[in-house]
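Take a look at the structure below.
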There are 2 protein chains.
Amino acid sequence: MDKKTERGYEVRAGIFKALAHPSRLFIVERLAAGEWCVGELAEMIGADVSTVSRHLAVLKNAGILRADKRGLQVYYRLHLPCILRFFDCVGEVMARNAEDHRKLE
Amino acid sequence: MDKKTERGYEVRAGIFKALAHPSRLFIVERLAAGEWCVGELAEMIGADVSTVSRHLAVLKNAGILRADKRGLQVYYRLHLPCILRFFDCVGEVMARNAEDHRKLE
DNA sequence: CGAATAGTTGCATAATTGGCCAAATAGGGA
DNA sequence: TCCCTATTTGGCCAATTATGCAACTATTCG
C-alpha cells in the first residue's frame with residue numbers, strides 16, 4: 001500500500017474517530033436542529049465547559065462543525081448535514097445486531 | 001440525559017469507534033468485494049498477524065464482520081453491507097473539506 | 001501420534017484519549 | 001481603564017488503545 005493510499009485511510013479514519021464519542025455524537029445530533037453555544041451544550045451534557053470545548057474542537061477540526069463567535073459566546077453549527085445520514089445507517093446496524101443477538105437465545 | 005439515552009449514545013459511538021482506524025477501514029473495504037483470511041489481510045496491511053487478528057475481532061464484536069472457520073483458516077466477510085454507505089458519505093465530507101481548505105488560500 | 005500451519009491470547013510497552021482544575025485569552029460594559 | 005463573563009489552553013493523571021513477540025490452541029496431514 002503506497003503512502004498516498006495509506007494517508008487516505010488515515011484521513012477517512014479521522015472522520016470516524018471524530019464521531020466515536022458519546023458526547024460528540026450528542027453534540028452533532030443537537031446541532032442538526034440549530035446552533036448552540038459552548039456553555040449551553042456543556043450544561044446539556046453535564047460535563048465541564050473545558051471538556052466540551054475540546055470535543056467541539058475535535059469536530060471542528062474534522063470539518064464537521066463551524067464556529068461563529070458573536071459577542072462573548074461561540075455558537076457552533078453543523079457544517080456537513082450529510083453526516084446525519086450516518087446516523088440512519090447506525091440505526092440499521094444496531095437493529096440488525098440486536099436481531100442477531102436475539103436469534104442466539 | 002437519562003441512563004437509557006446515554007447508553008444509546010455509547011452503543012452508537014462504539015460503531016464509529018470500530019471504524020476509526022485506518023487498518024480496520026481498509027479491511028472493511030477489502031471485505032466488501034469478498035472474503036479473505038487473516039494471513040492474507042495481514043500481508044496486505046503489512047502488520048503482524050496478531051495485530052490484524054485483533055482488528056478483526058474489534059469489527060466482529062461491533063457486528064460488522066462475520067468469521068467462518070474452514071480448515072486452518074478463518075475467513076472473514078462483511079456482515080453489514082450498509083456500512084459501505086458510510087464510505088460514500090465520508091467521501092463527500094472529504095471533498096467538502098478539501099474545497100473549504102482551497103477557498104482559504 | 002507428531003510435525004507443521006493458521007489464528008488467538010497473554011504480556012509488556014508506547015502512544016493516545018478524556019477528564020477536570022486552574023490559568024490565559026477575548027469581548028462587552030460601567 | 002477595570003471588571004465580569006465565555007471560551008480556550010496548559011498541566012496533570014487515569015484509562016484505553018495499538019502493537020509485536022512469545023506462548024498457546026486448533027486443525028490438517030504424514
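All heavy atoms count here, side chains included; hydrogens, waters and symmetry mates do not. In the text below, chain A, chain B and the rest are named by the order of the sequence lines, each starting its count at 1.
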Mind listing the residues from residues 30-42 of chain B sitting with a heavy atom below 4.0 Å of DNA chain D? Number order is fine.
none
Measure CG/B/L19 against P/D/dT17 and give the value in whole Å, please.
15 Å
Any A/Y76 side-chain nitrogen or oxygen under 4.0 Å from OP1 or OP2 of D/dA6:
no
If each of B/V52 and A/V49 is mapped to the nucleotide of DNA chain C with the nearest heavy atom, which maps nearer the 5' terminus, i.e. the 5' end?
B/V52
Can we call the ring centroids of B/F16 and B/F86 under 6.0 Å apart?
yes
Between A/G46 and A/K17, just flag the one whose closest nucleotide in DNA chain C comes earlier from the 5' side.
A/K17
Are B/L72 and B/L56 in one and the same hydrophobic cluster, where Ile, Leu, Val, Met, Phe, Trp and Tyr link if side-chain heavy atoms are under 4.5 Å apart?
no
Boundaries of the DNA chain C segment in contact with chain A, non-hydrogen, under 4.0 Å
C/dT17 to C/dG28
Scan residues 57-74 of chain B against DNA chain C and write down, sorted by residue number, each residue with any heavy atom closer than 4.0 Å; if none is found, say none.
B/L72, B/Q73, B/V74
Name all residues meeting the side chain to side chain donor-acceptor pair (under 3.5 Å) criterion together with A/S50; count only those two or more places apart in sequence or in a different chain, and write none if there are none.
A/D48
Can B/V58 be reached from B/V11 by stepping across I, L, V, M, F, W or Y side chains whose heavy atoms are under 4.5 Å apart?
no
Is there a donor-acceptor contact under 3.5 Å from the side chain of B/R24 to the main chain of B/K17?
yes
With salt bridge (charged side-chain N to carboxylate O under 4.0 Å, His left out) as the test, would you mind laying out the steps for A/R96 and A/E99 before giving the verdict?
CA-CA 5 Å; A/R96 174 110 187 234; A/E99 191 179 334; over 6 Å; no
Got a sec: does the CD of B/E10 have more than 12 other heavy atoms crowding it under 6.0 Å?
yes
Calculate the interatomic distance between B/L25 atom CG and D/dA18 atom P; express it in whole Å.
13 Å
Between B/R54 (CZ) and D/dA18 (C1'), how many Å, whole number?
9 Å
Derivation of the side chain to side chain contact (heavy atoms under 4.5 Å, CB included) call for A/L41 and A/L31:
CA-CA 10 Å; A/L41 290 165; A/L31 263 38; 4.2 Å; yes
For A/A67, what residues pass the side-chain contact (heavy atoms from CB on, under 4.5 Å) criterion, not counting sequence neighbours?
A/K60, A/V74, A/Y76
I need the CD1-P distance between A/I45 and D/dT7, as an integer number of Å.
13 Å
Rounded to the nearest Å, what distance is computed from the NE2 atom of residue A/H21 to the P atom of nucleotide D/dT17?
11 Å
Name all residues meeting the side-chain contact (heavy atoms from CB on, under 4.5 Å) criterion together with B/D68; count only those two or more places apart in sequence or in a different chain, and write none if there are none.
B/R70, B/R77
Ion pair A/R30/A/E35, N-O distance below 4.0 Å:
no
